[in-house]
Enquirer: 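The structure under discussion is supplied below as structure tokens; questions concerning it will follow.
By convention in this document, chain letters (A, B, ...) are assigned in the order of the sequence lines, proteins followed by strands, and residues within each chain are numbered from 1. Predicted model, so just to flag it, every value in this text is computed and none were measured.
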2 protein chains.
Amino acid sequence: MNRTRADGVQEETGGTGTLGKAMAVLEAVAMADRPQRFTDILQAVRQPRGTLHRLLAHLVEEGLLVQRRDLSYEPGLRLLKFAYRSWSGNRFRDIAEQHLLRLHELTGETVHLGVLRETEIIYVDKVESRQTVRMSSQIGKASPAYCTGIGKAALSSLARSEAERIAARMEFHPFTAHTHRSAASLLAEIEVIRRDGHAFDREEHEAEICCVAAPIAVPEHDLVAGISVTGPSYRVSTAQLAAWAADVRRAAAEIEEEVRIRLGPRRDGR
Amino acid sequence: MNRTRADGVQEETGGTGTLGKAMAVLEAVAMADRPQRFTDILQAVRQPRGTLHRLLAHLVEEGLLVQRRDLSYEPGLRLLKFAYRSWSGNRFRDIAEQHLLRLHELTGETVHLGVLRETEIIYVDKVESRQTVRMSSQIGKASPAYCTGIGKAALSSLARSEAERIAARMEFHPFTAHTHRSAASLLAEIEVIRRDGHAFDREEHEAEICCVAAPIAVPEHDLVAGISVTGPSYRVSTAQLAAWAADVRRAAAEIEEEVRIRLGPRRDGR
DNA sequence: AAACATCGTTCCACATATTGGAACTCCAGT
DNA sequence: ACTGGAGTTCCAATATGTGGAACGATGTTT
């Protein structure tokens, strides 16, 4: 593959061959916020037309994408089916659930559970005030780690070298005036977070939204995650957040402990 | 592939080559209710050891699977991320939402929205009485079409030949004493449903659970779906279900209409 | 302790499935 | 009729995936 390649710039599809390319296509379609036409995808994933065409046909046949009558592509239902299993069978989420509820009762604000994946936080559960119906709006949502409380907290639980490696791969998008703009700035704050045991997000991702978060880390299970209490700035003062920090830390510690007990110790010692 | 194959039984991986095999593996892991070891998967998808091994490695590298320390595999978080987009960007669900809410207020029972995919119904939304927190328990869940109200209703909206084709591919698992046991029996009921415009599920999937459902079909958008009102037998009588039938049919018709308006007519006429 | 299973991993000659440039069709605009 | 853009099809070349077999590592039985 990539036989004739004049330049040295290798397109990153990873070492996963065909599957990697297919996933890159899926990602391109799924992450766009509207149906993607052939040409849109073509320039998102740089593959020759013929190749992309077959790739798309395969993805459609597998139900991962759906081709609409106007020929554009959108995510298929099979993804939802897969996700259901990945969510409902998630022991970690199950264990954390009651702790989230307790934290919500205590604070009255929205509580999130997120897991670190690459440079992102994937929200795995959420408890909010007005249970406004359904799939809790953002389960499965991915947000950058550098501008979320959970993300920064999770990073602080890693070895310094590991956090640096991840930070190096980030692209710092300035969502608000307070968003970190560089790895250096992020890593500096992470030092503080490591010391304090909790992280704040002061309108770094969205204006008027702030939170306190604490890390959950269970190395035996390769689990790097975090929980947070989030609220609108007008209602939740900086002092209030700080006051909740201890509670969030405690809840995180309890989850960590329970995970260790219920998911069992590791007998392999790989 | 499948070079040396003594028997004539071809393993169904479809014509999607590597991707198909990979998805078969993913399916095997995702649909199991506990982490799968190498050997479990090996006998679920019949692939040579070497092949399977590489396939798994690729799936893990892509984040679709996670390998635990005890070497077993479980669904990865990336699936959740994909699904979030496939769900949150779903126009059909969005349009149906308010109609579901209205139907719920009217009946006080749980309302479901499901879409037909192959021989299954995938639940896309749900409104229930006690919003017991979170991802509405079964969004993304897949149930067989032959034993669910929505499934039977959806099938009734198809051309007879199409319904027969799909029914022929089903495996009839006897969940309860009332579950259809053959395509013939199912197709016979579908004729009645087609005439009535609504379907009942009288404890065919789960004991003590019954529902009324109506089909939603928008051929221009290849949409075959349905909605239902579900309740426990002790609370919801057969007469009560029958009384709601007209309301369910009306809601379904309204959704169908609104989809046609808001998703627009098709200009391609493929 | 030796022999035996079971499980997961690695290896490598082989050929199939993927590749990607190019030609082709269809449609809309000029 | 010409032009340009979008999507689809084709096919020789070969990189990629295949799968049988051998290898280690664990744990179990004799």
Side-chain angles (χ1 to χ4, degrees), chain A residues 1-7 9-11 13-26 28-29 34-62 65-74 266-270, chain B residues 1-7 9-26 28-29 35-62 65-74 266-270:
Chain A
M1 155 195 348
N2 293 331
R3 307 181 258 200
T4 321
R5 195 166 258 290
D7 57 22
V9 185
Q10 180 74 331
E11 284 307 326
T13 13
T16 50
T18 311
L19 182 65
K21 291 196 214 333
M23 286 308 145
V25 171
L26 194 51
V29 176
R34 51 193 196 77
Q36 296 290 97
R37 339 189 92 272
F38 183 87
T39 321
D40 299 329
I41 305 170
L42 186 63
Q43 61 184 71
V45 305
R46 297 189 148 284
Q47 296 288 334
R49 305 158 75 85
T51 301
L52 178 60
H53 196 262
R54 177 177 36 77
L55 230 35
L56 285 167
H58 284 180
L59 285 164
V60 168
E61 189 171 342
E62 286 294 327
L65 289 181
V66 173
Q67 182 162 32
R68 311 188 336 158
R69 296 284 257 259
D70 68 349
L71 302 188
S72 64
Y73 297 85
E74 57 186 9
R266 267 294 120 70
R267 295 144 298 171
D268 65 306
R270 179 199 256 196
Chain B
M1 157 197 345
N2 293 332
R3 306 181 259 199
T4 320
R5 195 166 257 291
D7 57 22
V9 185
Q10 181 74 332
E11 284 307 328
E12 286 310 330
T13 14
T16 50
T18 312
L19 182 65
K21 292 199 215 331
M23 285 308 147
V25 172
L26 193 51
V29 176
Q36 296 290 96
R37 343 189 91 270
F38 184 87
T39 321
D40 299 329
I41 305 171
L42 186 64
Q43 61 184 71
V45 307
R46 296 189 149 285
Q47 296 288 334
R49 304 158 78 86
T51 301
L52 178 60
H53 195 261
R54 178 176 34 74
L55 229 36
L56 285 168
H58 284 180
L59 285 164
V60 168
E61 189 170 344
E62 285 296 326
L65 289 181
V66 173
Q67 182 163 32
R68 312 189 334 161
R69 296 286 257 260
D70 68 348
L71 302 187
S72 65
Y73 298 85
E74 56 186 10
R266 267 293 122 70
R267 297 143 297 170
D268 65 307
R270 177 200 259 197

Enquirer: Over its full length, what angle do the end axes of the helix from C/dA1-D/dT30 to C/dT30-D/dA1 make, each axis taken from five pairs and the result rounded to 10 degrees?
Expert: 30°
Enquirer: Between the side-chain atoms of B/R49 and the base atoms of D/dG19, is any donor-acceptor pair under 3.5 Å?
Expert: no
Enquirer: Is there side-chain contact between A/L19 and B/T18, with at least one heavy-atom pair below 4.5 Å?
Expert: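 Side chain of A/L19 against side chain of B/T18, heavy atoms only: no contact under 4.5 Å found.
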Enquirer: Could you tell me whether the phosphate oxygens of C/dA17, OP1 or OP2, come under 4.0 Å of any side-chain nitrogen or oxygen in B/K21?
Expert: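 So the side-chain polar atoms of B/K21 never come under 4.0 Å of the phosphate oxygens OP1 or OP2 of C/dA17.
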Enquirer: For the side chain of B/P48, counting heavy atoms from C-beta on, which of C/dG20, D/dG7, D/dG20 is nearest?
Expert: D/dG20
Enquirer: Does D/dT16 have its OP1 or OP2 closer than 4.0 Å to a side-chain nitrogen or oxygen of B/T18?
Expert: no
Enquirer: From CG of B/L42 over to P of C/dC7, roughly how many Å is that when rounded to an integer?
Expert: 10 Å
Enquirer: How long is the straight-line distance from CG of B/L59 back to CE of B/M23, given to the nearest 0.5 Å?
Expert: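 Those atoms lie 7.0 Å apart.
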Enquirer: Between C1' on C/dT9 and CD1 on B/I41, what's the gap in Å once rounded to a whole number?
Expert: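 Roughly 14 Å, once rounded to whole Å.
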Enquirer: Just jot down the side chain to side chain contact (heavy atoms under 4.5 Å, CB included) partners of B/A28, sequence neighbours excluded, or say none.
Expert: B/A44, B/V45
Enquirer: Does a donor on one side chain sit under 3.5 Å from an acceptor on the other, for B/T16 and A/E62?
Expert: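 There is such a pair between these side chains.
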Enquirer: Which nucleotide, C/dT10, D/dG19, C/dT19, lies nearest any side-chain atom of B/H53?
Expert: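 Ranking C/dT10, D/dG19, C/dT19 by closest atom to the B/H53 side chain puts C/dT10 first.
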Enquirer: Please report, rounded to the nearest Å, how far the P atom of C/dC27 is from the CZ atom of A/F38.
Expert: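 Rounding to the nearest Å, CZ of A/F38 and P of C/dC27 are 18 Å apart.
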Enquirer: A/R46 has an atom CZ; how far is it from atom C1' of C/dT19, in whole Å?
Expert: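 So the CZ-C1' distance, A/R46 to C/dT19, works out to 18 Å.
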Enquirer: Can you name the residues that form a side chain to side chain contact (heavy atoms under 4.5 Å, CB included) with B/H53, not counting sequence neighbours?
Expert: B/F38
Enquirer: Is the shortest side-chain N/O distance from B/Q47 to OP1 or OP2 of D/dG19 below 4.0 Å?
Expert: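 Yes.
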Enquirer: Separation of B/D70 atom CG from D/dG27 atom P, in whole Å?
Expert: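 Computing the B/D70:CG to D/dG27:P distance gives 13 Å.
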Enquirer: Quick one: which of C/dT19, D/dT8, C/dT18 gets closest to the side chain of A/H58?
Expert: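 That would be C/dT18.
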Enquirer: Choosing from C/dT18, D/dG20, C/dT9, which nucleotide comes nearest the side chain of B/Q67?
Expert: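 Side chain of B/Q67 sits closest to C/dT9.
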Enquirer: Taking only N and O in the side chain of B/T39, is any of them less than 4.0 Å away from OP1 or OP2 of C/dT6?
Expert: no
Enquirer: Can you name the side chain to side chain donor-acceptor pair (under 3.5 Å) partners of B/S72, sequence neighbours left out?
Expert: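 Per chain and number, B/S72 pairs via side chain to side chain donor-acceptor pair (under 3.5 Å) with B/R68, B/D70.
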Enquirer: Can you check the A/L55 CG to C/dT19 P distance for me, whole Å?
Expert: 7 Å
Enquirer: Going by the rule side chain to side chain contact (heavy atoms under 4.5 Å, CB included), which residues pair with A/R37 if we only count those two or more places apart in sequence or in a different chain?
Expert: A/D40
Enquirer: From the list D/dG7, C/dT9, C/dG20, which nucleotide is the closest neighbour of the side chain of A/T51?
Expert: C/dG20
Enquirer: Identify whether any heavy atom of B/R54 sits under 4.0 Å from a base atom; if not, whether one sits that close to sugar-phosphate; answer base, sugar-phosphate or nothing.
Expert: base
Enquirer: Between A/L71 (CG) and D/dT9 (C1'), how many Å, whole number?
Expert: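 Result: 15 Å.
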Enquirer: Could you pick out which residue, A/R37 or A/L19, lies toward the 5' side of DNA chain D when each is mapped onto its nearest nucleotide?
Expert: A/R37
Enquirer: Within the structure provided, determine whether B/V25 and B/K21 are in side-chain contact (heavy-atom separation under 4.5 Å).
Expert: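 Result no, sub-4.5 Å side-chain heavy-atom pair not found.
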